[in-house]
Amino acid sequence: MLSMELWRRFPHRLLLIRSFVDARIKWVRDPYLDIAVEREKNLKEILSLKNQILSSPSKSLPLSSLSPLKSHFNLPTSTSKLFQNYPSIFFPFQPSPSLPLHVKLTPQAMTLHKEELAIHNSPPHRNDVVNRLAKLLMLTKAELISWRNELAISEMEKRASFSDSVKLKKGLPLRFSMKLPNGFDLEKKVKNWVDTWQDLPYISPYENSFHLGPNSDQAEKWTVAVLHELLWLLVSKKTEGKNVFCLGEYLGFENRFKKAVMHFPGIFYVSNKIRTQTVVLKEAYRKDFLMEKHPLMGMRFRYIHLMNKSEKFRKRDGVPVFRRKRKVMSNADKGEVIKEDKNVEENKDLNLLSGSGSKDGF
């Protein structure tokens, strides 16, 4: 354990040592983690529109009022097209012949929303949110009213100590879990550097170690510790890359988060699915399944299941239930009123969404 011996004899020298080898570490696709990311395609946008609709006292909104939100919610398509694609979530209706087309949630989507709300309001979840938020603020060292020592224990330290209340002795060489994809093989000189790097002392992410030389190996291990803890605090153990890198710059790490993700493909994975880059904590997943169960992740999967029913639902009668002539949908999208003589046939389709005569319970 050469690095530990150096740490004991010359701790000040390790502050400046940088030994990362000059070798290219290639990015290798992980199909399982890509599935875990792609599974949530359009979920964030759907939930944003859901919450926007439910923010209205009537729990419905004119389609024309939602159209300008395309850029605000970063929608991949127009709101009207999104509603057509997910008839199991959104229910179009016309309050009266003189009013434009409105949208509300289907009974099934409303049921899921109420169950999700019950989770948010439950004491265990509220306590969990408070603790996660407190730990996040302790990581960022901002807006923090009081420091809670019992929370200043990272996931890495918790595993090593086998107790939430026992804090490990500082300076132990805790090693990060490394999960390289099948067929991936590090160059020997890179592998040797990683092994030596793993044996460096682990510095808690809740400590302020900006006094370390920013380009030193020890500083990089602390950076990885901060990023590891940050991702672990998220219920999904993943987030968009822009969130990670912007937070890194805000905390003063500049581009060190990006380097950490690039240097350690066995710890972090970057997926390019669903129109963005997503940073994933690899050890949190077994293939495409999240290891840690959380009620909110369970709700996400139930929303996804309902979203996936839309395709079957649209094809049940051989034609999309949400189908309308393009001109009619285009006009409704602009807030224009649909002609009364078109309501009869359309309402026959829309009644299917309200629950009558549906084998799938819609």
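- You'll find the side chain of F91 stays beyond 4.5 Å of the side chain of V103, heavy atoms only.
- Both F301 and L306 belong to a single network of hydrophobic side chains, linked directly or stepwise wherever heavy atoms of I, L, V, M, F, W or Y lie under 4.5 Å apart.
- Side-chain atoms of T106 come within 3.5 Å of backbone atoms of S88 as a donor-acceptor pair (strictly under, hydrogens ignored).
- The closest donor-acceptor contact from the side chain of D128 to the backbone of P124 lies at 3.5 Å or more, if one exists at all.
- Heavy-atom neighbours of R275 CZ from other residues, nucleotides or ligands within 6.0 Å: above the threshold of 12.
- In this structure, H102 contributes its side chain and P100 its backbone to a donor-acceptor pair below 3.5 Å.
- Pairing each heavy atom of S60 with each of K104, the nearest pair is CB-CB, 3.9 Å.
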Show which side-chain atoms of residues 174-181 pair as donor or acceptor with protein atoms under 3.5 Å away, not counting sequence neighbours.
from : atom 1 : to   : atom 2 : distance (Å)
R175 : NH1    : D199 : OD1    : 2.8
K179 : NZ     : K282 : O      : 3.4
K179 : NZ     : Y285 : O      : 2.4

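- Residues M110 and L54 have side chains in contact (heavy-atom distance under 4.5 Å, counting atoms from C-beta outward).
- Formation of a donor-acceptor pair under 3.5 Å by the Q94 side chain with backbone atoms of L99 is found in this model.
- With respect to D34, the side-chain hydrogen bond (donor to acceptor under 3.5 Å, both in side chains) criterion is satisfied by exactly one of R29, R39, K273: R29.
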query = For K135 and E229, what are the C-alpha separation, side-chain angles and deciding distance, and is it a salt bridge (Lys or Arg N to Asp or Glu O under 4.0 Å)?
reply = CA-CA 9 Å; K135 289 171 76 73; E229 182 72 358; 3.6 Å; yes
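- Using modelled atom types and a 3.5 Å distance limit, the side chains of E157 and Y202 yield no donor-acceptor pair.
- You'll find the side chain of R286 reaches within 4.5 Å of the side chain of M291, heavy atoms only.
- Listed for the S56 side chain is no donor-acceptor partner under 3.5 Å among the backbone atoms of I53.
- Centroid-to-centroid, the aromatic rings of F253 and F210 come within less than 6.0 Å.
- Here the side chains of R132 and V235 are in contact, with some heavy-atom distance below 4.5 Å.
- Contact check for H228 versus E283: side-chain heavy atoms found under the 4.5 Å cut-off.
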message = Go through it in stages, so that I can follow the logic: the residues are H294 and H125, the test is side-chain contact (heavy atoms from CB on, under 4.5 Å), and I'd like the CA-CA distance, side-chain angles, deciding distance and then a yes or no.
response = CA-CA 10 Å; H294 192 281; H125 177 73; 4.0 Å; yes
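- Counting non-hydrogen atoms of neighbouring residues, nucleotides and ligands closer than 6.0 angstrom, the NE2 atom of H305 reaches no more than 12 such neighbours.
- Residue-environment remark: NZ (K141) exceeds the threshold of 12 foreign heavy atoms within 6.0 Å.
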message = Using the rule given for side-chain contact (heavy atoms from CB on, under 4.5 Å), can you reason through Y303 versus I46, listing the C-alpha separation, both sets of side-chain angles and the distance that settles it, and then say yes or no?
response = CA-CA 9 Å; Y303 277 115; I46 291 293; 5.9 Å; no
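- Although no hydrogens or angles enter the test, the distance criterion places a donor-acceptor pair under 3.5 Å between the side chain of K221 and the main chain of L200.
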Compile the donor-acceptor pairs under 3.5 Å between side chains in residues 241-250 and protein atoms, sequence neighbours left out, one pair per line.
from : atom 1 : to   : atom 2 : distance (Å)
K242 : NZ     : E240 : OE1    : 3.4
N243 : ND2    : T239 : OG1    : 3.0

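- Remark: K258 engages no residue in a salt bridge (charged side-chain N to carboxylate O under 4.0 Å, His left out) (not counting sequence neighbours).
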task = Run the numbers on E207 and K170 for side-chain contact (heavy atoms from CB on, under 4.5 Å), then give the verdict.
result = CA-CA 11 Å; E207 293 184 35; K170 291 183 178 181; 3.5 Å; yes
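- Screening F257, Y269, W27, W193 against F264 for a ring pair (Phe, Tyr, Trp, His ring centres under 6.0 Å) leaves a single residue, W193.
- The minimum heavy-atom distance between L212 and I203, with the atom names listed, is CD1-CD1, 3.8 Å.
- For D217 against W197, the heavy-atom pair with the smallest separation is O-NE1, 3.3 Å.
- Grouping the Ile, Leu, Val, Met, Phe, Trp and Tyr side chains by contacts below 4.5 angstrom, directly or via other members, places I153 apart from V130.
- Among all heavy-atom pairs drawn from W232 and A284, the shortest one is CZ3-CB, 4.1 Å.
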inquiry  = Applying salt bridge (Lys or Arg N to Asp or Glu O under 4.0 Å) to E220 and K259, what does each step give before you reach the verdict?
reply    = CA-CA 9 Å; E220 184 153 42; K259 288 183 178 179; over 6 Å; no
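- Using a 4.5 Å heavy-atom cutoff, the side chains of H120 and L296 are in contact.
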inquiry  = Walk me through whether K50 and I89 qualify under side-chain contact (heavy atoms from CB on, under 4.5 Å).
reply    = CA-CA 8 Å; K50 169 189 75 85; I89 306 289; 5.6 Å; no
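- You'll find the side chain of P265 stays beyond 4.5 Å of the side chain of V28, heavy atoms only.
- A salt bridge between R148 and E150 is present, with a side-chain N of the basic residue lying under 4.0 Å from a carboxylate O of the acidic one.
- M299 places a side-chain heavy atom less than 4.5 Å from the side chain of L112.
- Atom CD of E292 is surrounded by more than 12 heavy atoms from other residues, nucleotides or ligands within 6.0 Å.
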